[in-house]
Amino acid sequence: MDVSYILDDLNDAQRDAVTADSPGTLVLAGAGSGKTRVLVHRIAWKIKVEGLSPYAIMAVTFTNKAAREMRGRIEELLGGQLHGGMWVGTFHGLAHRLLKAHAADAKLPDNFQILDADDQQRLLKRIHRELNLDDSRWPPRQSQYFINGHKDEGRRSAHIDNPGGDLYLTTMLQVYQRYEQICQQQGVIDFAELLLRALELWRDNPAILEHYQQRFKHVLVDEFQDTNAVQYAWLQILAGKGMPITAVGDDDQSIYGWRGARIENIQQFSKDFADTRIIRLEQNYRSTATILKAANAVIKHNSQRLGKELWTSGEEGEPITLFAAFNEQDEARFISDRIEDLLKEDYRRADIGVLYRSNAQSRTLEEALIRAGLPYRIYGGQRFYDRLEIKNALAYLRLIALRDDDTAVERVINTPTRGIGNRTVETIREYARDHQLSLWRALLAIIEGGGLAARANNALRGFVSLIEDLAQQTADMSLDARVDYVIQHSGLIAFHEKEKGEKAQARVENLQELITAAKSFEPEDEDGDELRQFLDQAALDAGDQQAAEHEDSVQLMTLHSAKGLEFPAVFIAGVEENLFPHKMSIEDPSRLEEERRLAYVGITRAERKLFLSYAESRRLYGQENFNSLSRFVREIPSECIDEVRINNTVSRPTSFASHSASQQRAAESGIVLGQRVLHSIFGAGVVLSFEGQGASARVQVNFEDEGSKWLVLQYANLELLQ
DNA sequence: CGGCAGCGGCAATAC
DNA sequence: GCCGCTGCCG
């Protein structure tokens, strides 16, 4: 059999990674080194050469997009459909599949529902109210972080000790317990729970685990550096006792520590999985030598690396352009001007990526692009299925499928408004709580009991008959006709049509788009309930963010969402201390290293041209900030950089005595931005920024020996220097 | 119920 | 500076 097509066009390291027959294989794949290619070809190798059935392979990714791409590329390479036998999906998707198959053993009802981040927050808000927690002291967001953080580490409320009885922990645990109780009672599970349950299912049911251990002969994991504790434990319980496993990842691209990812997992891998072979992919096919030199130089400042150095056989390329802008508008104008230059060369708009650290930066950039008449597209932002109007429409559909869905009832009982006020809903909640009923059953009982005012009672009846009508009328319809009927007859379309503003227009369009999504939906299980599968998919899939790709446009996104993408030309805006690295990460060495990895990710997105820019003065959150050039740029060898001088058409004030409010306040205290000061401990430095007033006034000083620090002016006792 | 004013908070974000 | 939530009022 000729299998050369599997190995042709691969370099030695890639070929090694594709054919390795070690029990454990860890592929450290640098940016642009052909990682996905190796994964896809390795799967083809397993099937075509080693003779594994696709049925015996499991491949796990983090995003649906990556899973789709992998499946597509395998099918392309093997020249045929991969019937459902092979398990390719996200951790969450596969966990869901597992729990659906063994719902009872996982102690879940067959029709369990997924609680997404937004639904989770709503539920927590209600719990806070129920427990009489003051929202300003106990923001529901905090409980959400607490719960998800612990679940990501595999801890349920019962696992968390609170020996000191400290108020914070006591309160959080109380919320966590109540939350667990309600979720269990209502048969809903959040994203973290999906993973934790799947882990517990295997841990507590050896027979089920054994079935999968016998079934799968090889597991492959993409983006291994992003796994959290539960995902790692899940892989370990499945494959720890000798099932061959391939992990592909790059410790230098671990940028999701804040959502539970544990970079240590990739370091731990060879200890937990027997006889691991480590293969490094260091040849880069994406960027010029100059860009790689810069990336290598930056990432070298991190400790605790597994170690890797990217190289290319390609050309040196042009130097990196660094632009010092006067302010963020000046920076945005520089970017749009350079984009216009690039378009005069052989670049298309879609070849250009503009990356930034935080979403708040995008507005200024957008304004400049609009002014220049350059079409652009923003990646990320709100997921399609997270939009309010879509969630409302889905809630109606969920109620059609299952009346006892409290989350859905809460959402649409009075949307569009139908005279069921907060009082009435509170009565229903109370009744449901007291009688251990779902909200739907509770409201039916209340209608029968007639304890409500006639008006409220009628309104409730109206809601019940609406849902029953939607269910009956659409019972025999196709999925898309059903969606269409529901958004019309629930009144959602009319509701948003009479709303004012651009937003309303977009909402109506999104609802129409939902019909399109339903039309093109292909159920995985032909015999299963199509509506149910559609709803599950909606909960687990962000929806295609690429939908609007009809026009050739400049690509705007955060550095995080740029991971995995590449552009011939890349702009990284705002390379400033306090912005990138972000202020909140600067003090903590491990978070600072994560910021540096983010810089590495950003730099390695560029194929041919890289532009870095920073603003000497930046308005953010209504505050004027004077930040210095990012340390990450200073880590790039100077021969790689071509610094562009400040555009002389921009008038640059010669002193800092301007009229901005923050500067005036600074002046009142005798401190001027740019002022040299002396601190009794930290020594001499320059004032970079100033915020707050009176007792809360703080200054940021860049000390010559200690780096930059924020000081409370009142206590700092700064001595002004000449 | 809808509209508006006031207030707090504010990184990144897949599933 | 802006968004979103709350709370008050008509």
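Note that the structure is predicted; figures quoted are calculated from it, not measured. Proteins get letters first, then strands, A, B, ... in listed order; numbering begins at 1 in each.
Going from atom CG of Leu115(A) over to atom P of dC15(B) covers 17 Å, rounded to whole Å. Spacing between atom CG of Asp135(A) and atom C1' of dG7(C) amounts to 13 Å, rounded to whole angstrom units. Between Phe224(A) atom CZ and dA14(B) atom P there is a gap of 21 Å when expressed in whole angstrom units. In this structure, CZ of Arg122(A) is placed 15 Å from C1' of dT6(C), rounded to the nearest angstrom. For the pair Gln623(A) CD and dG9(B) C1', the interatomic distance rounds to 13 Å; values are reported in whole Å. Computed from coordinates, the Tyr256(A) OH to dA11(B) C1' distance equals 12 Å when rounded to whole Å. Rounded to whole angstrom, the span from the CG atom of Asn422(A) across to the C1' atom of dT6(C) amounts to 12 Å. Rounded to whole Å, the distance from CG on Leu355(A) to C1' on dT13(B) is 16 Å.
Residues Gly419(A) and Glu595(A) each lie close to DNA chain B; by heavy-atom proximity, the contact nearer the 5' end of the strand is made by Gly419(A). Along DNA chain B, the nucleotide nearest to Thr417(A) and the one nearest to His582(A) differ in position, and the one closer to the 5' end is contacted by Thr417(A).
The side chain of Asn359(A) contributes no N or O atom lying less than 4.0 Å from OP1 or OP2 of dC10(B). Applying the 4.0 Å criterion to OP1 and OP2 of dT13(B), one finds that Thr558(A) has a side-chain N or O inside that range. In terms of phosphate contacts, Asn64(A) brings a side-chain nitrogen or oxygen within less than 4.0 Å of OP1 or OP2 of dC15(B).
Both thresholds, 5.5 Å between centres and 30° between ring planes, are not jointly met by Tyr621(A) relative to the base of dG1(C), so the two rings are not stacked. We find that the ring of His560(A) and the base of dA12(B) do not stack by the test of centres under 5.5 angstrom and planes tilted less than 30°.
Among the atoms of the strands shown, base atoms are found under 4.0 Å from some heavy atom of Arg357(A). The residue Asn414(A) sits close only to the backbone: its heavy atoms come under 4.0 Å of sugar-phosphate atoms, none of a base. Counting non-hydrogen atoms under 4.0 angstrom, Ser561(A) reaches the backbone sugars and phosphates but no base.
Taking CZ of Arg129(A) as the start and CG of Leu124(A) as the end, the distance is 12.0 Å to the nearest 0.5 Å. Within the model, atoms OG of Ser590(A) and CD of Glu595(A) stand 11.0 Å from one another, a figure rounded to the nearest 0.5 Å.
Distance from the side chain of Trp258(A) is smallest to dT13(B) among dC1(B), dG1(C), dT13(B). Closest to the side chain of Arg259(A), out of dC15(B), dC5(C), dT13(B), is dT13(B). With dC15(B), dA11(B), dT6(C) as the choices, the nucleotide that has an atom nearest any side-chain atom of Ser585(A) turns out to be dA11(B). Residue Tyr145(A) places its side chain closer to dT13(B) than to any other of dC5(C), dC15(B), dT13(B). Side-chain atoms of Arg383(A) lie closest to dC15(B) of the nucleotides dC15(B), dA11(B), dC1(B).
Ring centroid separation for the pair Trp258(A) and Tyr256(A) comes in under the 6.0 Å cut-off.
In a base pair of the Watson-Crick type (N1 to N3 plus N6-O4 or O6-N4) or a G-U wobble (N1-O2 and O6-N3), with each distance short of 3.5 Å, dA11(B) is matched with no nucleotide.
The cationic group of Lys100(A) lies under 6.0 Å from the six-membered ring centre of Phe112(A) and within 45° of the ring axis, placing it in a cation-pi geometry.
Straight-line distance between the P atoms of dT13(B) and dG4(C): roughly 16 Å, to the nearest whole Å.
Checking side-chain atoms of Thr417(A) against main-chain N and O of Gly419(A) turns up no donor-acceptor pair under 3.5 Å.
Taking a cutoff of 4.0 Å between a charged side-chain nitrogen and a carboxylate oxygen, Lys35(A) and Glu223(A) qualify as a salt bridge.
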